[in-house]
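Take a look at the structure set out below.
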Amino acid sequence: MTRRPLRVGNASGFYGDRFGAVREMLTGGPLDVLTGDYLAELTMLILGRDRLKNPDLGYAKTFLSQLEENLALAHERGVRIVANAGGLNPAGLAEALRELAAKLGVPVSVAHVEGDDLMPFSEGALTANAYLGGAGITACLRAGADVVVTGRVTDAALVSGSAAWWFDWAPDAYDRLAGAVVAGHVLECGTQATGGNYAFFTRHDVRTPGFPLAEIAEDGSSVVTKHPGTGGVITVGTVTAQLLYETQGVRYLGPDVTARLDTVRLAPAGPDRVAISGVLGEAPPDTLKVGVTRIGGWRNEVVFVLTGLDVDAKADLVKTQLAQALSGVATVTWTLARTDHPDPDTEETASALLRLVVRDPSPDRVGRGLTAAAIELALGSYPGFHVTAPPGPAQPYGVFTSSLVPATTVPHVAVLPDTTRHPIPPVPIPPVPTPPVPAPPAFEARGSGRGAPEESRGAAPVPGTGPAAATTRAPLGALCGARSGDKGGDANIGVWAESDAAWQWLRATLTVDALITLLPETSGLPVARHELPHLRALNFTVAGILGAGVASGHRFDPQAKALGEWLRARHLDIPTHLLSSDPAPEGTRP
């Protein structure tokens with residue numbers, strides 16, 4: 001007997017997301033499961049510092065406050081809640097939830113998943129957590145849990161673990177699990193699937209986008225939608241953008257299954273409804289990723305405002321005046337942002353920003369003494385001297401790294417509502433090797449001294465784009481969308497086209513060498529390109545561009561959130577006929 005689709009929603013994309021989203025999702029329409037994603041690389045560092053101050057903490061306190069307001073409502077409506085808000089202390093959060101339920105008089109059962117915490121891991125590690133799959137969540141739900149909290153599971157596992165419970169999937173139902181993982185990846189960042197952070201945001205009213213949900217069928221296919229009357233929009237474009245977010249390559253590796261992103265097919269299924277089908281799954285790897293955070297040292301910064309004429313000379317003067325004070329500092333970075341305009345009609349548009357960032361193992365070398373030296377220049381430096389903030393003390397910064405450990409060495413445990421500890425065995429890996437993914441003709445890798453084979457470096461000619469075709473110098477974003485994000489010190493940039501003709505041009509034009517030319521800051525770094533033709537998309541990975549990760553503040557945009565928008569702002573020669581053709585309404589585009 002086929003069971004009806006699972007209706008699973010999301011109410012949090014990060015620790016600090018819209019507080020009222022839990023109530024919005026519970027009251028906006030029917031749900032079977034409500035998930036919440038609270039963890040990210042930076043969050044683990046924050047929770048690690050919380051745990052240093054108080055060993056009883058280490059979880060997302062916001063989640064507890066949200067359930068104080070909504071636990072009775074969820075119970076009344078029969079909605080199970082699954083969240084990774086447990087962070088570094090899922091057992092502590094589970095106990096706090098039981099106490100909360102008793103205080104509120106709400107008869108709910110609470111379970112949690114643990115085993116991801118691998119501390120002590122290595123010298124200097126603040127946190128070390130393996131990325132677990134969804135099988136522990138499945139076990140907790142099978143045991144009757146109304147609320148399941150986890151530590152560091154993969155973001156998509158919140159959905160795939162719930163789906164495996166709902167349909168009673170076997171661990172080797174790879175295609176079905178892969179379909180649920182893809183749906184989970186679309187949901188995990190909340191309103192990024194409903195028009196938030198969307199390249200073509202001006203087409204829609206995205207002032208207050210609603211949170212997404214998915215109707216997952218027994219075969220693993222799904223429809224992504226949202227509650228009626230909520231803001232934002234769901235189109236093939238918004239779902240494509242989220243599918244490209246923070247992914248690397250055509251194989252999306254996970255602890256339960258490897259999802260083949262090159263098999264994903266999207267189609268409109270009605271207003272604010274997009275169908276996901278065709279997803280193929282393969283066996284997962286026999287290793288688990290481990291995210292490790294450390295306190296990397298101490299940092300400080302000063303931002304000088306340079307107004308009017310001679311901006312470069314003013315910047316050079318400040319650098320010269322501070323050279324002696326900076327001589328003993330481990331890392332000194334100067335960045336001049338030319339935000340000034342010629343013949344400006346406001347003082348702000350007459351000004352540029354000179355940013356000094358310093359890092360050192362010792363807080364003393366980058367503390368108030370150093371920032372005070374900058375302020376002491378106030379009456380003896382460039383004309384119009386001022387800074388954006390007063391001198392401040394040094395602040396610790398974090399470093400994120402990842403490694404792999406054998407899956408068999410990680411004690412994945414579901415702690416059931418009756419406190420029974422249920423070990424989760426590793427996913428059985430078939431003895432046959434994983435079949436290779438055929439290399440598409442335009443696959444490339446550059447920046448590491450090696451390129452693709454000669455026969456794979458070109459693409460078939462695109463009609464209407466030959467030497468005689470009329471072109472217009474225009475930004476890439478006039479034709480294509482993009483979304484970018486971080487994975488540790490690496491960044492990814494997904495770029496997609498909205499028509500077959502634009503896709504053929506994009507595929508032939510945006511090579512790795514072209515990307516490096518358009519984004520000079522990627523020069524010298526390993527860059528790889530992967531094709532996802534069913535999505536009309538290219539996915540680039542730029543290794544090392546974020547240094548030691550978001551918590552280190554290595555770049556102006558430390559999580560590479562706007563790297564794709566920078567790419568869309570770059571100009572190149574685009575066939576005029578592609579720019580002049582109006583795209584079909586997003587809800588009807590195939």
Side-chain angles (χ1 to χ4, degrees), residues 192 195-206 232-245 266-268 274 341 440-444 457-484 492-522 527 529-540 542 561-590:
Q192 278 196 171
N197 297 351
Y198 184 47
F200 303 114
F201 71 100
T202 56
R203 298 176 184 172
H204 311 286
D205 182 356
V206 294
V233 64
I234 290 183
T235 68
V236 170
T238 65
V239 174
T240 297
Q242 179 55 28
L243 279 174
L244 295 173
Y245 181 65
L266 304 179
V274 172
H341 300 265
F443 173 81
E444 296 178 85
R457 293 186 183 175
V462 180
T465 60
T471 61
T472 300
R473 193 75 177 170
L476 178 64
L479 188 66
C480 298
R483 179 168 285 170
S484 55
N492 94 292
I493 311 171
V495 189
W496 78 92
E498 297 189 288
S499 69
D500 291 337
W503 158 241
Q504 291 301 324
W505 172 84
L506 174 68
R507 177 175 174 266
T509 302
L510 195 58
T511 63
V512 168
D513 291 337
L515 180 89
I516 292 171
T517 299
L518 293 170
L519 304 183
E521 293 175 16
T522 65
V527 179
R529 181 183 104 153
H530 302 273
E531 292 184 9
L532 301 169
H534 295 317
L535 301 179
R536 302 191 190 110
L538 302 173
N539 197 7
F540 294 88
V542 185
K561 300 297 187 185
L563 200 58
E565 286 300 292
W566 177 28
L567 177 62
R568 292 182 70 238
R570 294 308 311 268
H571 288 224
L572 65 171
D573 294 324
I574 301 176
T576 305
H577 76 279
L578 294 179
L579 293 170
S580 60
S581 55
D582 294 328
E586 287 194 83
T588 62
R589 190 174 303 115

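Numbering of residues begins at 1 and proceeds along the displayed sequence.
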Quick one, [X] and [Y] - any side-chain contact, counting heavy atoms below 4.5 Å?
{"X": "Y198", "Y": "V206", "answer": "no"}
{"X": "W496", "Y": "L535", "answer": "no"}
{"X": "L538", "Y": "W503", "answer": "yes"}
{"X": "L510", "Y": "L518", "answer": "yes"}
{"X": "L572", "Y": "R473", "answer": "yes"}
{"X": "R529", "Y": "N539", "answer": "no"}

What are the two closest non-hydrogen atoms of [X] and [Y], and how far apart are they?
{"X": "G481", "Y": "A199", "value": "CA-CB, 3.8 Å"}
{"X": "G564", "Y": "A482", "value": "O-CB, 3.7 Å"}
{"X": "A267", "Y": "V236", "value": "C-CG2, 4.1 Å"}

Which one of I516, L244, V527 satisfies the side chain to side chain contact (heavy atoms under 4.5 Å, CB included) criterion with F540?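 With F540 as partner, I516, L244, V527 yield a single side chain to side chain contact (heavy atoms under 4.5 Å, CB included), made by V527.
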
I need the [X] [atom1] to [Y] [atom2] distance, nearest 0.5 Å.
{"X": "H204", "Y": "T235", "atom1": "NE2", "atom2": "OG1", "result": "5.0 Å"}
{"X": "F200", "Y": "T238", "atom1": "CZ", "atom2": "OG1", "result": "12.0 Å"}
{"X": "R483", "Y": "L243", "atom1": "CZ", "atom2": "CG", "result": "10.0 Å"}
{"X": "I493", "Y": "T522", "atom1": "CD1", "atom2": "OG1", "result": "7.5 Å"}
{"X": "L479", "Y": "T472", "atom1": "CG", "atom2": "OG1", "result": "11.0 Å"}
{"X": "T471", "Y": "H577", "atom1": "OG1", "atom2": "NE2", "result": "11.5 Å"}

Whether the side chain of S484 engages the backbone of K561 through a donor-acceptor N/O pair (distance < 3.5 Å, no angle test) should be reported.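 Yes, the answer is positive, given that a donor and an acceptor are paired below the 3.5 Å cut-off.
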
Judged by atom type as modelled, is there a donor-acceptor pair below 3.5 Å linking the side chain of R536 to the main-chain atoms of L506?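 Judged by distance alone, no pair lies under 3.5 Å.
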
